[in-house]
Amino acid sequence: MVCLFAKADLDEGAALGLEVNNHYLFAVKKADQIYLYWNRCPHLGTPLEWLEDQFLDADGALIQCSTHGALFQIEDGHCLAGPCRGKYLQKVPYYIENGLVLVEDTHLRPQVLA
Ligand code: FES
């Protein structure tokens, strides 16, 4: 199990880039829910953010890829617009214990990226 961050440390409406053993993920907090994804655009596989922890569009309503501007729903990673429209960001399963966001090691293995 890997502890990623304390849920309380991520502000409402904010995003956080994460690196765990050379795997890159990011989290978004919306309506007090945490959404955790691989930091990998389904278009070309590039990281999404344009600056550190900047994963959202100007309104903070959607996740935005900085490379070609694809827009994704925060709740399910569904791409609504852009070159990978209809595809999904890949979610990372997690659980919360004592206010900490935790991921099983098995969910951080490279094969889950396939
Ligand atoms: S790499 Fe993300 S939209 Fe092209």
Side-chain angles (χ1 to χ4, degrees):
M1 163 192 8
V2 177
C3 176
L4 298 180
F5 59 95
K7 185 182 176 192
D9 288 346
L10 183 55
D11 292 335
E12 177 66 27
L16 176 68
L18 300 155
E19 188 264 325
V20 184
N21 302 332
N22 292 320
H23 300 310
Y24 295 88
L25 305 85
F26 71 99
V28 181
K29 190 189 233 181
K30 180 178 178 183
D32 202 39
Q33 294 292 308
I34 299 293
Y35 300 95
L36 185 65
Y37 295 100
W38 289 105
N39 185 4
R40 189 171 186 262
C41 182
H43 180 214
L44 295 180
T46 58
L48 293 152
E49 76 271 42
W50 53 283
L51 284 174
E52 188 177 355
D53 298 333
Q54 301 298 310
F55 290 86
L56 303 178
D57 65 358
D59 298 333
L62 295 166
I63 296 162
Q64 184 168 34
C65 177
S66 61
T67 305
H68 305 110
L71 294 166
F72 305 86
Q73 291 185 149
I74 292 171
E75 294 84 351
D76 61 5
H78 185 217
C79 182
L80 302 176
C84 45
R85 185 175 174 167
K87 294 188 176 178
Y88 286 83
L89 296 172
Q90 189 174 6
K91 276 194 174 183
V92 181
Y94 72 88
Y95 59 100
I96 294 178
E97 201 170 276
N98 297 325
L100 301 174
V101 178
L102 307 164
V103 176
E104 295 288 352
D105 295 76
T106 53
H107 291 131
L108 293 174
R109 290 186 183 151
Q111 63 264 29
V112 300
L113 292 171

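These numbers come from the heavy atoms of this one structure, side chains and all, not from hydrogens, waters or symmetry mates. The first residue of the sequence shown is numbered 1, and numbering continues consecutively from there. In listed order, ligands and their atoms are each counted from 1.
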Q: Any chance CD of Glu52 has more than 12 other-residue heavy atoms, nucleotides or ligands included, within less than 6.0 Å?
A: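 Atom CD in Glu52 is not packed in, count stays at 12 or less.
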Q: With heavy atoms of Ala70 as the reference, note each atom of ligand 1 found under 4.0 Å away.
A: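 In order of numbering, the contacting atoms are 3 (S).
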Q: For atom CG of Asp105, decide whether the heavy atoms of other residues, nucleotides or ligands shown that lie under 6.0 angstrom number more than 12.
A: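 Enclosed.
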Q: With backbone taken as N, CA, C and O and side chain as the heavy atoms from C-beta onward, which portion of Pro83 lies under 4.0 Å from ligand 1: side chain, backbone, both, or neither?
A: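 For Pro83, only side-chain atoms sit under 4.0 Å from ligand 1.
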Q: For atom 4 (Fe) of ligand 1, give me the closest N/O/S atom belonging to His43, just the atom name.
A: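 This turns out to be ND1.
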Q: What closest approach, in Å, do Val28 and Ala15 show between heavy atoms, and which atom pair accounts for it?
A: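 The pair with the smallest heavy-atom distance is CG2-CB, 4.1 Å.
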Q: May I ask you to identify the nearest protein heavy atom to atom 3 (S) of ligand 1, giving residue, atom name and distance to one decimal place in Å?
A: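 For atom 3 (S) of ligand 1, the nearest protein heavy atom comes out as His68 CB, 3.4 Å.
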Q: State the atoms of ligand 1, each with its element, that fall below the 4.0 Å cut-off from a heavy-atom position in Thr46.
A: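 Contacts of ligand 1 toward Thr46, numbered from 1: 1 (S).
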Q: Can you tell me if Lys87 has over 12 outside heavy atoms packed within less than 6.0 Å of its NZ?
A: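 It does not: Lys87 NZ has 12 such atoms or fewer within range.
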Q: In ligand 1, which numbered atoms sit nearer than 4.0 Å to a non-hydrogen atom of Thr67?
A: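 Per the distance check, 1 (S).
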Q: Thinking salt bridges, do Asp76 and Lys91 make one under a 4.0 Å N-O criterion?
A: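 Salt bridge between Asp76 and Lys91, a charged N being under 4.0 Å from a carboxylate O: no.
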Q: What is the ring orientation for His43 with His68, classed by angle as parallel under 30°, tilted 30 to 60°, or perpendicular over 60°?
A: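 Rings of His43 and His68: perpendicular, over 60°.
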Q: Answer yes or no for Cys41: is there an N/O/S atom below the 2.8 Å cut-off from atom 2 (Fe) of ligand 1?
A: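 It does; at least one qualifying atom falls short of 2.8 Å.
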